[in-house]
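The basis for the numbers below is simple: all heavy atoms, side chains too, and nothing from hydrogens, waters or symmetry mates. Chain letters run A, B, ... following the sequence lines, proteins first, then strands; residues in each count from 1.
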Number of protein chains: 2
Amino acid sequence: MPDGSQKKPSRIQKRNRRVILDAALEVFSRHGYRGSTLDQIATEAGLSKPNILYYFDGKEAIHVELLAKLMSEWLAPLEEMDPDGDPQKELLGYITKKMEMSRAYPRQSRLFANEIIQGAPRMQPHLQSGLKPLFDAKCDLIRAWMDAGKLARMDPAHLILSIWAITQHYADFEAQLQVLLPDPQTAWDGAESHVAFMFRKLLTP
Amino acid sequence: MPDGSQKKPSRIQKRNRRVILDAALEVFSRHGYRGSTLDQIATEAGLSKPNILYYFDGKEAIHVELLAKLMSEWLAPLEEMDPDGDPQKELLGYITKKMEMSRAYPRQSRLFANEIIQGAPRMQPHLQSGLKPLFDAKCDLIRAWMDAGKLARMDPAHLILSIWAITQHYADFEAQLQVLLPDPQTAWDGAESHVAFMFRKLLTP
DNA sequence: TCGTGGATTTACCAAATGGTAAAAATTTTA
DNA sequence: TAAAATTTTTACCATTTGGTAAATCCACGA
C-alpha cells in the first residue's frame with residue numbers, strides 16, 4: 001500500500017511512479033503548478049486519476065518530489081568544478097555542461113523557471129539550504145582564481161548569474177527561438193559556440 | 001455598454017479598465033494563464049467578478065490585451081537603436097535600457113516569460129509578425145557594424161539573444177536573487193554594472 | 001429633480017478540479 | 001491453487017471555475 005510507504009517498492013510501483021513523475025514533469029513544466037491538473041497528468045501517464053493518487057499523496061506531493069530531484073541533478077555540475085583545475089577550463093567546462101543540459105532536458109529547466117517566476121513558494125527552503133551555500137562557495141573559488149590573475153576581474157556572483165541566465169534562456173524560450181531561428185539544429189549549434197566564445201572572451205584577463 | 005464597445009470610454013470605464021488590467025498583470029505574471037483565476041483578478045482589482053466581465057469579454061480577452069500592450073512597449077527600445085549612431089554606444093544603450101526596464105517592470109517581463117515557457121499559444125502570431133522582422137533587421141544592422149570593424153565579430157542573432165537572456169533573467173528570477181544576494185539595492189546596482197562591463201568587453205573588437 | 005442609460009450586485013449554472021470510499025481485478029505468496 | 005496482498009476501477013463528493021441573466025444601484029444631463 002504505497003503513498004508514503006516505507007517498504008521496498010515492487011516492480012509495478014517503480015514503473016508507475018516513474019511514469020507518473022515523467023508525465024507530471026511534462027505537464028508542470030508547461031503550465032506551472034496551479035495551471036496543471038491531475039487529469040492532465042493522468043492522461044499523459046496513461047493512468048486513471050485515482051490510480052495516481054494511489055501512488056502519491058496528492059498534486060503537491062508530486063510537485064515537491066520533482067523539485068527535490070531537480071535540485072540535486074542540476075547542482076551537480078556546479079559542485080564538480082575543481083578548485084585544482086585550470087580556471088578557464090573549469091568554468092568553460094561548466095558552461096558547456098549547462099548548455100548541454102538545457103538542450104537535453106528543457107522540461108526540468110522550465111519546471112524550475114516556473115517555480116521561481118511564481119516566487120519559489122515550494123522551493124525557497126531548498127534554495128536556502130542547498131543552493132545558497134554552494135553558490136557562496138563557488139563565488140569564493142572564482143574570486144580566488146581572479147586574485148591569482150587567472151581570470152579577468154569581475155563580480156563572481158553576477159558572472160554565475162549570467163551563465164545561468166543564458167543557459168536557462170535557451171531551454172525556456174524555445175518557443176521564441178523557433179520563431180526567430182527556424183532551424184533548431186543550426187540554432188543550438190550556433191548557441192553553443194556563441195556562448196563558449198562569449199565567456200572565453202569575457203574571462204580572459 | 002462596454003465589452004467590445006466602440007464608443008469613447010467614460011471616465012469610469014477608463015479607470016476600471018486600467019485597474020483590471022493592472023490587477024490581471026499582477027496575477028497572470030505570477031501564475032501564468034491557466035493558473036490564474038478571474039476571482040483572483042477581481043479580488044486584486046477590488047471589483048466583483050461579473051463586474052470584470054462587464055468590461056472584458058472574458059479571461060482570455062484580458063490576457064490578449066496585456067500581451068498586445070507588452071509587445072509594443074518592449075519592442076520600442078530595440079527599434080530605437082540608431083543605424084547612424086556609434087555602434088558600441090547604441091548597443092550598450094539598448095542593454096542599459098533593457099536592464100532598467102527589467103528593474104522597473106518585472107511583472108511585464110514575467111508575463112512574457114510565462115507565455116513563452118508555455119509554448120506561446122496566444123502570442124506566436126505576434127512574434128511572427130512583430131518580433132521576427134525587427135529581429136532580422138537588427139541582426140542585419142549589427143552585422144553591418146561588424147563588417148565595418150566597429151564591433152567584434154560574432155553571430156548577431158545569438159548576441160541579441162544573450163542580451164535578452166540576461167535582462168530577462170534579472171526580472172524573472174527575482175525570487176532566486178533574493179536568496180543569493182539578500183540586499184536588493186546592491187544586487188541591482190551590481191547587476192547593471194556587471195552587464196555593462198560584460199558586453200563592453202565582449203563587443204570591443 | 002427626475003428619468004435614463006451606464007455601472008454594479010445578486011443569484012445562479014454547468015463544467016472542471018482535487019480528492020475519497022469501496023468494490024473489483026490482478027498479482028504475489030504460501 | 002487458494003488465500004492474501006496489491007493494484008485498478010467505479011462511483012462519488014465538495015469546492016472552484018468561467019460565465020450569464022436579471023435585478024438593482026447610481027451618475028448625470030435635460
Side-chain angles (χ1 to χ4, degrees), chain A residues 1-28 30-67 114 118 121-122, chain B residues 1-28 30-67 114 118 121-122:
Chain A
M1 73 283 271
D3 244 28
S5 76
Q6 257 83 5
K7 299 198 166 187
K8 56 182 163 185
S10 74
R11 187 167 32 94
I12 294 175
Q13 269 174 60
K14 261 192 280 189
R15 175 174 54 83
N16 281 352
R17 285 184 66 96
R18 190 172 43 73
V19 165
I20 291 168
L21 286 173
D22 190 67
L25 175 60
E26 183 69 31
V27 176
F28 281 135
R30 276 284 174 214
H31 303 289
Y33 180 74
R34 291 214 37 186
S36 302
T37 72
L38 284 176
D39 286 295
Q40 279 177 287
I41 296 170
T43 302
E44 184 77 28
L47 298 171
S48 68
K49 185 167 59 176
N51 202 5
I52 283 186
L53 292 166
Y54 173 71
Y55 289 103
F56 289 91
D57 276 335
K59 185 183 171 183
E60 185 158 10
I62 303 176
H63 195 242
V64 165
E65 187 147 331
L66 282 176
L67 290 180
N114 262 313
Q118 226 196 314
R122 266 166 288 277
Chain B
M1 71 278 275
D3 244 31
S5 77
Q6 259 80 6
K7 300 199 166 187
K8 55 182 163 187
S10 74
R11 189 165 30 91
I12 293 174
Q13 269 174 60
K14 260 192 283 190
R15 176 175 52 84
N16 280 353
R17 284 184 65 95
R18 191 172 41 74
V19 165
I20 292 168
L21 286 174
D22 191 67
L25 176 59
E26 183 69 31
V27 176
F28 281 135
R30 276 284 173 214
H31 304 288
Y33 180 74
R34 291 214 38 187
S36 302
T37 73
L38 284 176
D39 286 294
Q40 279 178 289
I41 295 171
T43 302
E44 184 77 28
L47 298 171
S48 68
K49 184 168 61 174
N51 202 6
I52 283 187
L53 292 167
Y54 174 71
Y55 289 103
F56 288 90
D57 277 335
K59 184 183 172 183
E60 185 159 8
I62 303 176
H63 196 242
V64 165
E65 187 147 331
L66 282 175
L67 290 180
N114 262 312
Q118 227 197 309
R122 268 166 287 277

J.: For the pair made of CG in Leu53(A) and C1' in dT6(D), what is the distance, rounded to whole Å?
T.: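 About 17 Å, once rounded to whole Å.
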J.: Just how far, in rounded Å, is P of dG6(C) from CZ of Arg15(B)?
T.: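 Going from CZ in Arg15(B) over to P in dG6(C) covers 17 Å.
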J.: Taking only residues two or more places apart in sequence or in another chain, which ones pass side chain to side chain contact (heavy atoms under 4.5 Å, CB included) with Arg15(B)?
T.: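 Side chain to side chain contact (heavy atoms under 4.5 Å, CB included) check on Arg15(B) returns Ile12(B), Arg18(B), Val19(B).
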J.: Ignoring the backbone of Tyr55(A), work out which of dG18(D), dT7(D), dG18(C) is nearest its side chain.
T.: dT7(D)
J.: Within this structure, what is the NE2-to-P distance between His31(B) and dG18(D), rounded to whole angstrom?
T.: 12 Å
J.: Ignoring hydrogens and geometry beyond distance, is a side-chain donor-acceptor pair present between Gln40(B) and Arg30(B) at under 3.5 Å?
T.: no
J.: I want to confirm an ordering. Mapping Asn51(A) and Asp39(B) to their closest nucleotides on DNA chain D, which one lands closer to the 5' end?
T.: Asn51(A)
J.: Name all residues meeting the side chain to side chain contact (heavy atoms under 4.5 Å, CB included) criterion together with Asn51(B); count only those two or more places apart in sequence or in a different chain, and write none if there are none.
T.: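 Residues passing side chain to side chain contact (heavy atoms under 4.5 Å, CB included) with Asn51(B): Leu47(B), Ser48(B), Tyr54(B), Tyr55(B).
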J.: Atom CD1 of Ile52(A) and atom P of dT8(D): how far apart are they, to the nearest Å?
T.: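 My rounded result for the distance is 11 Å.
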J.: Give one of base, sugar-phosphate or nothing for Arg34(B), where a contact means two heavy atoms less than 4.0 Å apart.
T.: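 Sugar-phosphate, no base atom in range.
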J.: Phosphate oxygens OP1/OP2 of dG6(C): is one of them under 4.0 Å from a side-chain N or O of Gln13(B)?
T.: no
J.: Thr37(A) versus His31(A): any side-chain heavy-atom pair under 4.5 Å?
T.: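 The answer is no; the side chains never approach within 4.5 Å.
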J.: Out of dA11(D), dA11(C), dT17(C), which nucleotide sits closest to the side chain of Pro50(A)?
T.: dA11(D)
J.: Provide the closest heavy-atom pair for Lys49(A) versus Leu38(A) in the form atom of the first, atom of the second, distance.
T.: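 Here Lys49(A) and Leu38(A) meet closest at CD-CB, 3.8 Å.
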J.: Whole-Å distance between dT9(C) C1' and Asn16(B) CG?
T.: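 Answer to the nearest Å: 14 Å.
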J.: Reckon Tyr54(A) has a side-chain N or O less than 4.0 Å from the OP1 or OP2 of dT7(D)?
T.: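 Result: yes.
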J.: So if I take residues 58-66 of chain A and measure heavy-atom distances to DNA chain C, which residues fall below 4.0 Å?
T.: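 Output list: Gly58(A), Lys59(A).
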J.: Side-chain contact, heavy-atom cut-off 4.5 Å: Phe56(B) with His63(B)?
T.: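 Counting from C-beta outward, Phe56(B) and His63(B) never come under 4.5 Å.
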J.: Can you check the Lys49(A) NZ to dC12(D) P distance for me, whole Å?
T.: 15 Å
J.: Drop me the distance from Gln118(B)'s CD to Asn114(A)'s CG, to the nearest 0.5 angstrom.
T.: 8.5 Å
J.: Select base, sugar-phosphate, or nothing to describe what Ser48(A) touches, counting heavy atoms under 4.0 Å on all strands.
T.: base
J.: Write down the distance between CG (Asp57(A)) and P (dT20(C)), rounded to a whole number of angstrom.
T.: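 From Asp57(A) CG to dT20(C) P: 9 Å.
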J.: In whole angstrom, what separates Leu38(A)'s CG from dT15(D)'s P?
T.: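 In whole Å, dT15(D) P and Leu38(A) CG are 18 Å from each other.
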